[in-house]
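Contents: one structure, followed by commentary.
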Amino acid sequence: MFPARVFAVAPLALVILALSGCSSWVCTDETAERGKAGARVQVVNIYGQPLGVTAAVVDWSLEPHPQVPSEGDKVHFRFRFDGADEYSDAAVDACAVDKERVTLGCQTVSSSQAFGPADDPLTGDTWLAVEHPEQVAEVLFIPNDQSYDGRTCEVDIKDGGGTHPPEPPSRGDQL
């Protein structure tokens, strides 16, 4: 008689455990595929779908930063985010590359940094330090939106996981 009662109650206990979040599940993290870099890119989400925002390098130059001229030349570039508004904060990696498109240095720039002069409020500028500025051939954007900050499985085994933006390129990566 005892085993019959156990078998009758067991499914109910399993349902209660599952609903309480105590059941076992698999948490997985995936990395989105890095998009093709360019001087003008359509910003895409973690699934590769366009966000309706275009990021473009307006121009760039090598020059000493005015606050630290003794450090030598840095990459000074202006950029523009078309389609972004005060509610969207698209962010892309900007990389200085050599003539073979090998990264010399990268940093993330955000559409919220584009608050340029009154006649062109969608532009911004920033400085990028590279070890060999004389090798810089161009500045490129990688189209993957870096503003998504989803929790990883390592941080949150229950609610984390899913697809995340690709890691920023390291010095020496080919774009």
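Positions are given from 1, in the same order as the sequence printed here. This is a predicted model, so every value here is computed, not measured.
Across all their heavy atoms, V75 and A96 have their closest contact at CG2-CB, 4.3 Å. Across V41 and K36, no two heavy atoms sit closer than the pair CG1-O, 4.0 Å. For the pair G105 and L128, the tightest heavy-atom approach, listed with the atom from each and the gap, is O-CD2, 3.5 Å. Scanning all heavy atoms of the two residues, the minimum distance from G35 to N144 falls at N-OD1, 2.8 Å. Across every non-hydrogen atom of P133 and L62, the tightest pair is O-CD1, 3.1 Å. Nearest approach of E138 to L140, heavy atoms of both residues: OE1-CD2, 3.4 Å.
Under a 3.5 Å cut-off, the side chain of T54 and the backbone N or O of D82 do not form any donor-acceptor pair. The closest donor-acceptor contact from the side chain of D145 to the backbone of A91 lies under 3.5 Å. Formation of a donor-acceptor pair under 3.5 Å by the Q42 side chain with backbone atoms of P143 is not found in this model. Remark: the backbone N or O of S170 is paired with a side-chain donor or acceptor of T103 at under 3.5 angstrom. Using a distance-only test at 3.5 Å, with no hydrogens or angles considered, a donor-acceptor pair links the side chain of R101 to the main chain of L175.
Follow the hydrophobic side-chain contacts under 4.5 Å out from V53 and you reach V109 in the same cluster. Under the 4.5 Å side-chain heavy-atom criterion for Ile, Leu, Val, Met, Phe, Trp and Tyr, L104 and W60 are members of the same hydrophobic cluster. Cluster membership for V43 and V57, using ILVMFWY side-chain heavy atoms within less than 4.5 angstrom, is shared. The cluster map of Ile, Leu, Val, Met, Phe, Trp and Tyr, joined by side-chain heavy atoms under 4.5 Å apart, puts V139 and V130 in the same cluster. Grouping the Ile, Leu, Val, Met, Phe, Trp and Tyr side chains by contacts below 4.5 angstrom, directly or via other members, places F141 with V136.
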R34 vs D93, test: side chain to side chain contact (heavy atoms under 4.5 Å, CB included). Steps then yes/no.
CA-CA 11 Å; R34 183 182 292 160; D93 289 322; over 6 Å; no
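Between H65 and W127, the ring-plane angle classifies as tilted under the 30° and 60° cut-offs. Ring-plane geometry between F81 and F79 is classed as perpendicular, the angle between the planes exceeding 60 degrees on a 0 to 90 degree scale with a lower cut at 30.
Counting heavy atoms from C-beta on, the side chains of C27 and E154 never come closer than 4.5 Å. You'll find the side chain of C106 stays beyond 4.5 Å of the side chain of P168, heavy atoms only. For the pair T31/E167, no side-chain contact is recorded, criterion being any heavy-atom separation below 4.5 Å from C-beta on.
Counted by atom type alone, S112 and D89 present one or more donor-acceptor pairs between their side chains at under 3.5 Å. No hydrogens or angles considered: nothing links the side chains of Q113 and T126 as a donor-acceptor pair under 3.5 Å.
The stretch residues 38-61 participates, sequence neighbours left out, in these salt bridge (charged side-chain N to carboxylate O under 4.0 Å, His left out) pairs: D59-R78.
Annotation: the span from Q107 atom CD to Q146 atom CD amounts to 13.0 Å, rounded to 0.5 Å. Here the CG-OG distance, from L51 to S147, works out to 7.5 Å after rounding to the nearest 0.5 Å.
For CD of E134, the number of neighbouring non-hydrogen atoms (other residues, nucleotides, ligands) closer than 6.0 Å is greater than 12. Within a 6.0 Å radius of CD in E33, no more than 12 heavy atoms belonging to other residues, nucleotides or ligands are found.
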